[in-house]
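Have a look at the structure below before the remarks.
Residue numbers start from 1 in every chain, and the chains themselves are labelled A, B, ... in the order their sequence lines are given, proteins ahead of strands.
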Amino acid sequence: MDHDQKQTAILQQVCSVPKGNVASYGDIAKGAGLPGYARYVGRVLKMLPKNTNVPWHRIINSQGMISFPKGSDTYKKQVERLNQEGIYLLKDKIPKSYFIR
DNA sequence: CAGGGGGCTAAGG
DNA sequence: GCCTTAGCCCCCT
């Protein structure tokens with residue numbers, strides 16, 4: 001399996017997360033058939049263009065927290081996008097009830 | 001090759 | 001809750 005296929009599989013998994021729900025990097029990797037590729041997922045999402053239709057904001061870490069420095073532009077951006085689909089943080093964390101199950 | 005660093009994770013103090 | 005350790009993927013200098 002080459003790089004492109006992994007990337008495609010990952011992005012496809014990301015796009016499969018319904019609006020109003022979230023998933024962890026590890027979950028995405030797992031669902032893409034690539035257990036252990038959590039960090040790889042983050043690396044892939046990092047290079048997406050601004051205008052992408054891929055819902056990168058629905059991907060968070062296993063602790064339910066946003067994996068950006070709190071207060072950074074990207075952090076705010078992600079929070080805004082989540083709020084826009086009815087997802088709200090509690091003490092900087094996203095409640096478990098939003099996770100895909 | 002060595003070292004450092006990322007949108008990570010699970011386990012232990 | 002915090003921090004460290006070890007393990008995971010990869011990339012860059």
Counting only side-chain heavy atoms from C-beta out, which of dG7(C), dG7(B), dC10(C) sits nearest to Tyr37(A)?
dC10(C)
Counting only heavy atoms not in Gln12(A), do more than 12 sit closer than 6.0 Å to its CD atom?
no
Please determine, for the side chain of Ser67(A), which listed nucleotide (dC10(C), dT9(B), dC8(B)) has the closest atom?
dC8(B)
Is there a side-chain contact between Lys93(A) and the phosphate of dG1(C), meaning an N or O under 4.0 Å from OP1 or OP2?
yes
Need one value for Ile59(A): base, sugar-phosphate or nothing, where a base atom within 4.0 Å counts as base even if backbone is also close, heavy atoms only.
base
Nearest-nucleotide 5' precedence on DNA chain C, Lys6(A) against Met65(A)
Met65(A)
By the 4.0 Å heavy-atom rule, please label Ser24(A) as base, sugar-phosphate, or nothing.
sugar-phosphate
Suppose we call a contact any N or O donor and acceptor under 3.5 Å apart; does that hold for the side chain of Arg43(A) and the base of dG6(B)?
no
Looking at dC9(C), dT9(B), dG7(B), which one has an atom nearest to any side-chain atom of Ser62(A)?
dT9(B)
Applying the Watson-Crick and G-U wobble criteria at under 3.5 Å, what pairs with dG7(C)? Answer none if nothing qualifies.
dC8(B)
Can you tell me how far C1' of dC9(C) sits from CE of Met1(A), to the nearest Å?
14 Å
I want to check something: taking the side chain as every heavy atom from C-beta on, are Ile10(A) and Tyr40(A) in contact at a cut-off of under 4.5 Å?
yes
Does a side-chain heavy-atom distance below 4.5 Å link Tyr75(A) with Pro69(A)?
no
Considering only side-chain heavy atoms of Tyr40(A), which listed nucleotide, dT9(B), dG7(B), dC9(C), is closest?
dC9(C)
Using the P atoms only, state how far dG7(B) lies from dA6(C), rounded to an integer number of Å.
24 Å
Please say whether more than 12 non-hydrogen atoms of neighbouring residues, nucleotides or ligands are located less than 6.0 Å from NZ in Lys6(A).
yes
Given dG7(C), dT9(B), dG7(B), the nucleotide with the shortest approach to the side chain of Arg39(A)
dG7(C)
Distance in angstrom units between Gln63(A) CD and dG12(B) P, rounded
14 Å
